[in-house]
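In what follows, chains are A, B, ... by sequence order, proteins preceding strands, each numbered from 1. What's counted below: heavy atoms across the whole structure, side chains too, no hydrogens, waters or symmetry copies.
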There are 2 protein chains.
Amino acid sequence: MAARNNTPSDISDALRSAGLQVTAQRLAVYRAVRDKPHAMADEISDCVRSELGTVSRQAVYDALNVMSEHELIRRIQPAGSAARFEDRVDNHHHLICRVCQSLVDIDCAIGKAPCLIADDDHGYLIDEAEVIYWGTCPGCQQD
Amino acid sequence: MAARNNTPSDISDALRSAGLQVTAQRLAVYRAVRDKPHAMADEISDCVRSELGTVSRQAVYDALNVMSEHELIRRIQPAGSAARFEDRVDNHHHLICRVCQSLVDIDCAIGKAPCLIADDDHGYLIDEAEVIYWGTCPGCQQD
DNA sequence: AACCAATTCTGGACTGTGTCAAGAATTGCT
DNA sequence: AGCAATTCTTGACACAGTCCAGAATTGGTT
């Protein structure tokens, strides 16, 4: 039975090959991030707690931080909102409703990663272009 | 003597035509935003305080919020940082150093406002595409 | 010039997100 | 098994921003 995508052992392997120890808390946090796309830290906490019984806030924050540093998950932090997390780490962007804060994924509008091109880089070494589309979702347009 | 760009009376006019009352606090906040590009709320506070003597935090926040709602100024809120403000309200983007958090303006890479084009809008009514380029500034590249 | 209603400012308490620090527990290697 | 390094727990703390009630200011009216 070959390990399928996102099975526990896959997550363990990913953690190990990133040089991180494998702990129940981290596995549970990763699973929570995968199951609740774009969830915020406290939602992750609740989810993990219902799985493990009890987890400290610090353990959750640590897991989220260390995993996003090692690019196992990705952190999104739109203006006026707490940080959110997702397990997609490929190049894509986000579309957020100004009214209800709902958030959906959007594939890169142009292609692979040409969004990195800036007119004048001011000498900076650019490594990422983050794009957030703001608008009104279908549900909130009816008002 | 024609009023030049950004003279006090211009700011007053802008406030009035947005339907806002003109107060010393708001004028000072606007001037602080103009003079210290990309400053955070507490820097604005300090600056305004040194001009008016004493101002409440609430007055500063209220002025910043109401003026950015009416698009007299623009609020930027990059991940992991408090809100910043600037008086440029035309279409442009930002480039931030991951190390020292320095922030510079970048003109829209493509043109007027075609950044609004998303592959699939999911039914959302998109009104803005916010682009943040992340990288390392010249000074921080030397380490 | 003075008045009045609406708006705005003050001052203080409060919320929510996230971090710091010290000791206990767990992990992974030999 | 045993040991060093890493990670988790608990509780205190820092910071940005908001809420509230009362005082002060603004700008239109008479």
Side-chain angles (χ1 to χ4, degrees), chain A residues 8-9 11-30 32-33 38-49 51-70 72-73 75-85 101, chain B residues 8-9 11-30 32-33 38-49 51-70 72-73 75-85 101:
Chain A
S9 60
I11 308 174
S12 303
D13 291 347
L15 284 168
R16 256 188 289 269
S17 59
L20 302 174
Q21 291 194 0
V22 178
T23 66
Q25 288 85 344
R26 284 177 179 172
L27 292 175
V29 166
Y30 186 92
V33 170
H38 313 129
M40 297 190 292
D42 62 334
E43 298 176 82
I44 305 282
S45 274
D46 291 347
C47 188
V48 169
R49 223 180 303 283
E51 192 176 330
L52 298 184
T54 171
V55 196
S56 69
R57 188 172 34 151
Q58 191 60 32
V60 174
Y61 276 106
D62 175 64
L64 290 172
N65 288 335
V66 81
M67 288 198 293
S68 58
E69 274 167 22
H70 290 266
L72 298 176
I73 60 177
R75 147 184 250 132
I76 324 162
Q77 194 158 358
S81 148
R84 300 174 176 216
F85 299 86
Q101 302 281 87
Chain B
S9 59
I11 308 175
S12 303
D13 291 347
L15 283 169
R16 254 187 290 270
S17 59
L20 301 174
Q21 290 196 359
V22 179
T23 66
Q25 288 85 344
R26 284 175 181 174
L27 293 174
V29 166
Y30 186 92
V33 170
H38 314 128
M40 297 189 290
D42 61 334
E43 297 175 82
I44 305 281
S45 275
D46 292 345
C47 188
V48 169
R49 223 180 303 283
E51 191 177 330
L52 298 184
T54 171
V55 196
S56 70
R57 191 172 28 153
Q58 191 59 34
V60 174
Y61 275 106
D62 176 62
L64 289 172
N65 288 334
V66 82
M67 289 198 292
S68 57
E69 273 166 22
H70 289 266
L72 298 176
I73 62 177
R75 149 184 249 130
I76 324 163
Q77 194 159 358
S81 150
R84 299 172 177 217
F85 298 87
Q101 301 282 88

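Here the C1' atom of nucleotide D:dA16 and the CZ atom of B:Arg84 are 14 Å apart, to the nearest Å. Per the geometry, CE belonging to B:Met67 stands 19 Å off P belonging to C:dT7, to the nearest Å. Look at CD on B:Gln25: it is 11 Å from C1' on D:dT26, rounded to the nearest Å. The separation between A:Glu69 atom CD and D:dT6 atom P is 15 Å, rounded to whole Å. In this structure, B:Arg75 atom CZ and D:dA16 atom C1' are separated by 10 Å, rounded to whole Å. Here C:dT17 presents its C1' atom at 14 Å from CD1 of A:Ile44, a figure rounded to the nearest Å. If you take CG of A:Leu15 and P of D:dC8, they are 10 Å apart, rounded to a whole angstrom. D:dA16 atom P lies 11 Å from atom CG of B:Asp46, rounded to whole Å.
With D:dC19, D:dT9, C:dC9 as the candidates, the nucleotide lying closest to the side chain of B:Gln58 is D:dC19. Here the side chain of B:Ala82 is nearest to one of C:dT8, D:dT10, D:dG17, namely D:dG17. Side chain of A:Asp62, nearest nucleotide from D:dC8, D:dG27, D:dT7: D:dC8. Considering only side-chain atoms of B:Arg26, the nucleotide from D:dA12, D:dG17, C:dC9 that sits closest is C:dC9. The nucleotide whose nearest atom lies closest to any side-chain atom of A:Tyr61 is, among D:dG27, C:dC9, C:dG18, C:dG18.
Mapping B:Val60 and B:Gln21 onto DNA chain C by nearest heavy atom places B:Gln21 at the nucleotide closer to the 5' end. Looking at which nucleotide of DNA chain D each of A:Ala24 and B:Ala24 is closest to, the 5′-most match is held by A:Ala24. Heavy-atom nearest nucleotides on DNA chain D were determined for B:Ala83 and for B:Leu20, and the one closer to the 5' end corresponds to B:Ala83.
Nearest heavy atoms, B:Ala32 versus B:Val48: CB-CG2, 4.1 Å. Closest of all the heavy-atom pairs between A:Leu52 and A:Gln25 is CD1-CA, 3.8 Å. Closest non-hydrogen pair, A:Tyr30 versus A:Met67, comes out as N-CE, 3.9 Å.
For B:Thr54 and C:dT10, the shortest distance from a side-chain N or O to OP1 or OP2 is not below 4.0 Å. Regarding contacts with the backbone of C:dT19, a side-chain N or O of A:Asn65 is found under 4.0 angstrom from either OP1 or OP2. Look at A:Gln77 and you won't find any side-chain N or O under 4.0 angstrom from OP1 or OP2 of C:dT17. Between A:Thr23 and D:dT6 there is no side-chain N or O to OP1 or OP2 distance below 4.0 Å.
Proximity of a side-chain donor or acceptor of B:Gln77 to a complementary backbone N or O of A:Gly80 within less than 3.5 Å is detected.
A salt bridge links A:Arg26 with A:Asp62; the closest basic N to acidic carboxylate O contact falls under 4.0 Å.
At a threshold of 4.0 angstrom between heavy atoms, the contacts of A:Ala41 are confined to the sugar-phosphate backbone, with no base atom among them.
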Report the C-alpha distance between B:Leu27 and B:Leu15 in whole Å, list the side-chain angles of each, state the deciding distance to 0.1 Å, and finish with yes or no for side-chain contact (heavy atoms from CB on, under 4.5 Å). CA-CA 9 Å; B:Leu27 293 174; B:Leu15 283 169; 4.0 Å; yes
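The base of D:dG17 is paired with the side chain of B:Arg57 by a donor and an acceptor separated by under 3.5 Å.
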